[in-house]
Structure formats: C-alpha cells, structure tokens
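This report refers to the structure that appears directly beneath it.
Order of appearance sets the numbers: ligands from 1, and atoms from 1 within every ligand.
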Amino acid sequence: MDLLRGVNIYLVGMMGAGKTTVGRILARKLKYRFFDTDELIVRVANQSIAEIFEREGEEAFRELETKVLGELSAYKNSVVATGGGIVARSMNWGYLHYGVVVWLDVPVDQLYDRLRSDTARPLLREGEIKSKLQSLLNERERFYTQADVRVSTRGGERPEEVAARAIEEIKKVIKPETAPDLN
Ligand SMILES: Nc1ncnc2c1ncn2[C@@H]1O[C@H](COP(=O)(O)OP(=O)(O)O)[C@@H](O)[C@H]1O
Ligand SMILES: O=C(O)C1=C[C@@H](OP(=O)(O)O)[C@@H](O)[C@H](O)C1
Ligand SMILES: [Mg+2]
C-alpha cells in the first residue's frame, strides 16, 4: 500500500488474539517483511520463551523484548507482531509510535478457546486460564486503547478476513502526503 510509505505496522493485543497469525498475512498483503518479537527473542537468547521465563524470570524477558523492539524500529516496510505484554512498558511506546499500532481486540472467551491447551505461554501456566486472561486484560486494556487502530473481531472471522479489515482501518488513519484539492 503506497499510502503507508514504508511505515511499520505493529500488532498489539492479548495472547491468542492472532497477532502472529494475522501479522504474517498482513505482511504478505502489504508486500512488507514480517517479524515477530517473540521469535526474535528466542533466536537471540537461544532458548524458548518458557525457558527464559523459567530460568531468568519475566523481567529479563521484558528487557530482551524492549531491545528487540528498539532494533526493529530502525527498519521500514515491516509488519511486527509483538508479545501481549509489550504495551505495559512506557519505553516501548517510544518505539511503537514510530509506526502505526493496531490492536487486535478479541473477546476473552475466544482467547480461551484458542489457548485452553496451550503450553508455550508461561503466564498461563499458573491458575485457571480464563480468569488469568481476564485479569491480564483488565490490567492492560488501558494500554491497548492507546493504539492508533482497533480491530475488534466479530465471532468466527478467519485470519485472512481480520487482516483485510485491518488494512481498511489502517487506511482511515493514514494521511495522504499532500491533502487532495477539493475545490
Ligand atoms: N481469526 C482466527 N480465527 C481462529 N483462530 C485463530 C485466529 N487467529 C489466530 N487463531 C489461532 O489462535 C492461536 C493463537 O494465535 P497467535 O497468532 O499465536 O496469537 P498471538 O500471537 O496474538 O498470541 C493459534 O492457534 C492460531 O491459529
Ligand atoms: O502476554 C504476554 O505477556 C506474553 C505473550 C506472549 O506472546 P503472544 O501475545 O504472541 O502470545 C509472549 O510474549 C510471552 O509468553 C508473554
Ligand atoms: Mg504471538
């Protein structure tokens, strides 16, 4: 999309919202590169996300997350799927706001259906999954609402459809370089 002029797209939202899945499709549609902060963290640390949480703790993971995000902010023409907790650090917004931030807003019941058998997300390992998702959303919603664009999924939308709708919403917030002469 020429209108974007290479500006990065950052996908934010809860675990299970589809950032990784939709992000990949969005990149293909926009002819952008695709990056996932979690994937880069795993590569840099040479450990899985669960191992980093277990051996080094969440704070160490958050440090790596900020570092990776900072490095990505030097790139253009990229769709970046972030981890659900990236929004909670104000420093990260300094990087996110270089691009267009898109919140994939999905009801907790749907997140739960997608993640009920998940083993890769350490924050869901303790306690009851649905109430953990709800309490994380309660903590984070005020950050997610700072996104430039909100894409709320209606039930049963396929990732392809969510990506198409994200593009329509992104178009609405991009200002053309020169305002069209309406006279
Ligand atoms: N629109 C969708 N409809 C149904 N399942 C989806 C949708 N988007 C993602 N999923 C599934 O939900 C799970 C979590 O998706 P993922 O992209 O990893 O989310 P996130 O990166 O936001 O945590 C995956 O199994 C994925 O296939
Ligand atoms: O919500 C979170 O704090 C996290 C979300 C995960 O990514 P996804 O949002 O892609 O699941 C991953 O970064 C880590 O397990 C922590
Ligand atoms: Mg992901």
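- The nearest protein atom to atom 13 (O) of ligand 2, hydrogens excluded, is given as Asp38 OD1, 2.7 Å; this is a heavy-atom distance.
- The atoms of ligand 2 that sit less than 4.0 Å from any heavy atom of Leu123 are 2 (C), 3 (O).
- Between Glu128 and Lys132 no salt bridge is recorded (no basic side-chain N to carboxylate O distance below 4.0 Å).
- Within 6.0 Å of CZ in Phe53 there are more than 12 heavy atoms belonging to other residues, nucleotides or ligands.
- Aromatic ring orientation, Tyr75 versus Phe35: perpendicular (interplanar angle above 60°, classes split at 30° and 60°).
- Protein non-hydrogen atoms do not reach within 4.0 Å of atom 25 (O) of ligand 1.
- In summary, Glu168 and Arg165 do not engage in a salt bridge, as defined by a charged side-chain N under 4.0 Å from a carboxylate O.
- Of all atoms in ligand 1, listed by their number and element, those nearer than 4.0 Å to a heavy atom of Met14 are 22 (O).
- If you number the atoms of ligand 2 from 1 as listed, the ones under 4.0 Å from a heavy atom of Gly85 come out as 1 (O), 2 (C), 3 (O).
- Using a 4.0 Å cut-off to heavy atoms of Arg158, the atoms of ligand 1 that qualify are 1 (N).
- If you check the side chains of Glu54 and Gln47, you find no donor sitting under 3.5 Å from an acceptor.
- Nearest to atom 18 (O) of ligand 1 among the protein's heavy atoms is Arg121 NH2, 3.0 Å.
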Audit row: Glu39, Arg43, salt bridge (charged side-chain N to carboxylate O under 4.0 Å, His left out) steps and yes/no: CA-CA 6 Å; Glu39 205 179 295; Arg43 231 188 279 165; 3.8 Å; yes
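- At a cut-off of 2.8 Å, Thr20 is counted among the residues with an N, O or S atom near the Mg ion (ligand 3).
- Here's the thing with Gly18: one of its N/O atoms is less than 3.5 angstrom from an N/O atom of ligand 1.
- With salt bridges taken as basic N to acidic carboxylate O contacts below 4.0 Å, none links Glu56 and Arg62.
- In this structure, atom 17 (O) of ligand 1 lies nearest to the protein heavy atom Thr21 OG1, 2.5 Å.
- The single protein non-hydrogen atom nearest to atom 9 (O) of ligand 2 is Lys19 NZ, 2.7 Å, given as residue, atom name and distance.
- A salt bridge links Asp113 with Arg116: the distance from a Lys NZ or Arg NE/NH1/NH2 to an Asp or Glu carboxylate oxygen falls below 4.0 Å.
- At a threshold of 4.0 Å, the pair Lys130-Asp109 counts as salt-bridged, since one of the basic side-chain nitrogens sits closer than that to a carboxylate oxygen.
- Protein heavy atom closest to atom 16 (C) of ligand 2, with residue, atom name and distance, is Arg62 NH2, 3.9 Å.
- Ligand-side atoms of ligand 2 in range of Pro122: 15 (O), range being under 4.0 angstrom from any heavy atom.
- Annotation: atom 1 (N) of ligand 1 to nearest protein heavy atom, Glu157 O, 2.9 Å.
- Annotation: atom 11 (C) of ligand 1 to nearest protein heavy atom, Arg114 CD, 4.0 Å.
- Residue contacts with ligand 2 for Asp36 are absent, since no atom lies close enough (heavy atoms, distance under 4.0 Å).
- Those atoms of ligand 2 with a heavy atom of Phe61 less than 4.0 angstrom away are 13 (O).
- Considering backbone and side-chain N/O of Met15, none are found under 3.5 Å from N/O of ligand 1.
- The heavy-atom pair separating Arg24 from Phe34 by the smallest distance is N-CE1, 3.5 Å.
- Residue Glu161 places every heavy atom at 4.0 Å or more from ligand 1.
- With ligand atoms numbered from 1 in the order given, ligand 1 contributes 14 (C), 19 (O), 20 (P), 22 (O), 23 (O) to contacts under 4.0 Å with heavy atoms of Gly16.
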Dump the intermediate steps for salt bridge (charged side-chain N to carboxylate O under 4.0 Å, His left out) on Glu58 and Arg89, then the final yes or no.
CA-CA 13 Å; Glu58 179 168 356; Arg89 267 196 169 195; over 6 Å; no
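- Scanning the protein for heavy atoms near atom 1 (O) of ligand 2, the closest one is Arg140 NH1, 2.8 Å.
- For ligand 2 and Gly83, the ligand atoms under 4.0 Å from any heavy atom of the residue are 7 (O), 9 (O), 13 (O).
- Counting the atoms of ligand 2 from 1 in the order shown, those under 4.0 Å from a heavy atom of Ile49 are 14 (C), 15 (O).
- Of all protein heavy atoms, the one closest to atom 21 (O) of ligand 1 is Thr20 OG1, 2.8 Å.
- Remark: minimum distance from atom 11 (O) of ligand 2 to any protein heavy atom is reached at Arg121 NE, 2.7 Å.
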Yes or no on side chain to side chain contact (heavy atoms under 4.5 Å, CB included) for Leu40 and Glu71, after CA distance, side-chain angles and deciding distance? CA-CA 11 Å; Leu40 295 175; Glu71 281 166 16; over 6 Å; no
